[in-house]
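Please read all numbers here as calculations on a predicted model, not as lab measurements. Every heavy atom of this structure was used, including side-chain atoms; hydrogens, water molecules and symmetry mates were not. First the proteins, then the strands, lettered A, B, ... as listed; each starts at 1.
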Amino acid sequence: MTVVTRIAPSPTGDPHVGTAYVGLFNYALAKRHGGRFVFRLEDTDRERYDADAEAAILAMFDWLGIRPDEGPEIGGPNGPYRQSERLEIYRTHVDALLEAGAAYRAFETAEELDAMRAEQKQRGLPLGYDGRGATVPREEQERRAAAGEPHVVRLRTPEAGETTFHDLLRGDVTIPNAEIKDPVLVKSDGFPTYHFANVVDDHAMEVTHVLRAEEWVTSTPIHALLYRAFGWSEPVFAHLPLLRNPDANKTKISKRKLDTSVASYRDQGILPEALLNFLATMGFHLPDGREVFSLDDFVAQFDPERITLGGPVFDLKKLRHLNAHYLREVLSVEELADRLEPRFEDAGYAWDDEDYLLDVIDVLRPRAETLQELVDAADYFFLPDDAFAIHPEARKKIAAGQQALEDLERSFSMLDFFDEDAVDELLDEYVRSREIKKPAVMMPLRAALTGTTNAPSVTDLAVILGRERVLRRIGRALGEMTAALPDDDPAAAEAAAEAAAKAAEEAARAKREAAIAKARADAAARRGEAAPEGADGA
RNA sequence: GGCCCCUUCGACUAGCGGUUAGGUCACCACCCUUUCAAGGUGGCGGCACGAGUUCGAAUCUCGUAGGGGUCACCA
């Protein structure tokens, strides 16, 4: 028997990490057994329907590398795959249930139901539909329906006894039938409810395994009753643990307490491999205990019976750590560069050759956990020598190391070869000859080259930037310090220095903005795009 | 509240009657070091509780407690 699984998201709002999580596990199960993974759109709620959501969800799975075998876009043998296009199918199935007396038409208005609930509440009764419409004679139901009276269709559920279904992970789960109120199958707008459509579709689409979130456990008996009413065999049910918020009680994951948007993680520079790997460890681990593994590894080793049931907390720290690991240990520099280039272009960075890019990425990647962090930390590698920002701490280091910078400027300009060994030797020699502490030289130089105090090794920086740019940057740094010369009045000197720094930064900022605008325009032109909105005439 | 499910370090988890209860993240310390990272080494830290079964329980049973989910013409 072919294993068929499905992901059945509802097109409401931003694609959710929970959808990715459940999709991943269903995909893995199907692929593990050479089966099919179906994508079905559960768009039966016209109130919450979001026209953009379907494409966004599909885009999310595509980004993750989880590709359905059947779905609304690609079709398949058991379509259509949007529930809103299957209304006729639901109608014939509900007719069968009505005919058999397994379901009935109920005519209570929303007001009536509200009143019923209010009374139940007041009298301390259990809440829920009390089955008052179940006894209306069939002929009357049909007559009123034919007269156009608004109504729903409800499933007739047993009053006594209990209903049991089998959960692959929990064993038999039994719920008293008194807990199951006659649920609505078809809403008054003619659309089916989840309970009904999901059963009809899973059967029609030959779904063999239903892996879904634990929140569905208590309504599964409704589904079991439906399968039995139709005389269909039930799929294997396995309810996945709910992803949890990192709050004290570990409540169900929610966008109020955590970023649940996959697009948001993508934009931040989380890699799809890392997100997938992270989600796979939520309630699951490989038999060999490896914690870093690919989607293919996961598929090859996935066994739903190994799923753990405690609700796993969605831990950003761990996600970021995994992402960082992929950034520096799993991806090659070239692969990383491919993913970074569009971001660099968006940032308005310009570069001449590919090797430069690879060098930059190589020294920066141990220092970043996400793609975007790397981009943000790379500005001084791409902006003109007189345009990158010089932060206040860096300015202080430069001011304190002016003598060293002047000396080094001279030495660098006289160096025969400007490679790693030569630069290293020069710096070591300088430190030795002056009998000063190494940081007293390195920090001012680093500050001058990058405008920041947190950056890669000075030797790496110098070699990557090259002699010309190193000299220009030292020159600029020194130039911006002229106003900081000692004065009779220390307070006045400090104020003057501050004003000068401010002016210098202001000038750099203007140059920076101009450079970024130009680089962006160039990049857009290279991509063959029209100039960005508002860029014309500027 | 009724019903259902769950329970090993702060987090993710290994464990499936006999282990000094293991690994990863986080945290701390040390090493490396030119800042920040990365990397290396080490450390802190856990079987919710109570009975029972057994020669022996993290592992099996029951109870208690705690937590979660669910009780819609939303999915």
Gap between atom NZ of A:Lys181 and atom CG of A:Leu127 - 0.5 Å precision: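 Between A:Leu127 CG and A:Lys181 NZ, I get 8.5 Å after rounding to 0.5 Å.
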
A:Thr370 side, atom OG1; A:Tyr265 side, atom OH - distance, nearest 0.5 Å: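 Atom-to-atom, A:Thr370:OG1 and A:Tyr265:OH are 12.5 Å apart.
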
side-chain contact (heavy atoms from CB on, under 4.5 Å) partner of A:Phe196, chosen from A:Thr44, A:Val94, A:Ile222: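 Testing A:Phe196 for a side-chain contact (heavy atoms from CB on, under 4.5 Å) against A:Thr44, A:Val94, A:Ile222 leaves exactly one candidate, A:Val94.
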
ring-ring contact (aromatic ring centres under 6.0 Å, His included) partners of A:Tyr90, counting only residues at least two apart: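 Expected list: none.
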
Sticking with atom [atom1], work out how far [N] lies from [M], rounded to a whole angstrom.
N	M	atom1	value
B:U24	B:G45	C1'	14 Å
B:A58	B:G15	C1'	8 Å
B:A26	B:A48	P	25 Å
B:C5	B:U64	P	15 Å
B:C25	B:G43	P	15 Å
B:A37	B:U59	P	43 Å
B:G52	B:A57	P	11 Å
B:G68	B:C32	C1'	46 Å

Within this structure, what is the [atom1]-to-[atom2] distance between [X] and [N], rounded to whole angstrom?
X	N	atom1	atom2	answer
A:Phe165	B:C3	CZ	C1'	12 Å
A:Leu242	B:G67	CG	C1'	13 Å
A:Asp45	B:A75	CG	C1'	7 Å

Could you write out each protein N or O paired with an N or O of nucleotides 30-32 of chain B at a distance under 3.5 Å?
none

Return the nucleotide paired to [N]: Watson-Crick means purine N1 to pyrimidine N3 with N6-O4 or O6-N4, wobble means G-U with N1-O2 and O6-N3, both under 3.5 Å.
N	result
B:U34	none
B:C55	B:G18
B:C44	none
B:A26	none

OP1 or OP2 of [N] sitting under 4.0 Å from any side-chain N/O of [X]?
X	N	value
A:Lys187	B:C74	yes
A:Thr44	B:A75	yes
A:His285	B:U13	no
A:Lys252	B:U70	yes

Can you say whether a donor on the side chain of [X] sits under 3.5 Å from an acceptor on the base of [N], or the other way round?
X	N	value
A:Glu179	B:G2	yes
A:Thr218	B:C71	no
A:Glu291	B:G23	yes

Just to verify, what does [X] make a side chain to side chain donor-acceptor pair (under 3.5 Å) with, not counting sequence neighbours?
X	result
A:His391	none
A:Ser411	none
A:Arg328	none

Closest-nucleotide ordering on RNA chain B, the 5'-leading residue of A:Val152 and A:Asn249: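 The residue mapped nearer the 5' terminus is A:Asn249.
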
Residue whose nearest RNA chain B nucleotide is more 5′ - A:Ser219 or A:Thr308: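 The residue mapped nearer the 5' terminus is A:Thr308.
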
Side chain of A:Arg117 - closest among B:G68, B:C73, B:C3: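 My answer, after comparing the listed nucleotides, is B:C73.
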
Minimum-distance nucleotide (side-chain atoms of A:Glu214 versus B:C5, B:G69, B:C74):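 Among B:C5, B:G69, B:C74, the one nearest the side chain of A:Glu214 is B:C5.
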
Enumerate the protein-to-nucleotides 57-59 of chain B contacts in which both atoms are nitrogen or oxygen and the separation is below 3.5 Å.
none

With sequence neighbours excluded, tell me which residues meet salt bridge (Lys or Arg N to Asp or Glu O under 4.0 Å) with [X].
X	value
A:Asp95	A:Arg91
A:Arg105	A:Glu142
A:Asp424	none
A:Arg40	A:Glu42, A:Asp201, A:Asp202

Ring geometry between A:His239 and A:Phe237 (parallel below 30°, tilted from 30 to 60°, perpendicular above 60°):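 Rings of A:Phe237 and A:His239: parallel, as their planes differ by under 30°.
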
B/S/- contact track for nucleotides 34-41 of chain B, protein heavy atom under 4.0 Å: BBBBS---

Sugar-phosphate only, base, or nothing, as touched by A:Gly283 at under 4.0 Å among non-hydrogen atoms: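 Sugar-phosphate only.
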
Under 3.5 Å between N/O atoms: give me all the protein pairs with nucleotides 8-11 of chain B, atom names plus distance.
none

A:Phe381 ring center near A:Phe388 ring center (under 6.0 Å):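 No, too far apart.
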
Side chains of A:Leu427 and A:Lys438 in contact at under 4.5 Å (non-hydrogen atoms):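 When only atoms from C-beta onward are counted, A:Lys438 and A:Leu427 do not touch, as no gap falls below 4.5 Å.
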
Lys/Arg-Asp/Glu bridge criterion (N-O < 4.0 Å) met for A:Asp130, A:Arg132: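 Salt bridge: yes.
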
Passing option when A:Arg320 is tested against A:Gln268, A:Glu373, A:His325 for side chain to side chain donor-acceptor pair (under 3.5 Å):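 Looking at A:Gln268, A:Glu373, A:His325, the match for A:Arg320 under the side chain to side chain donor-acceptor pair (under 3.5 Å) is A:Glu373.
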
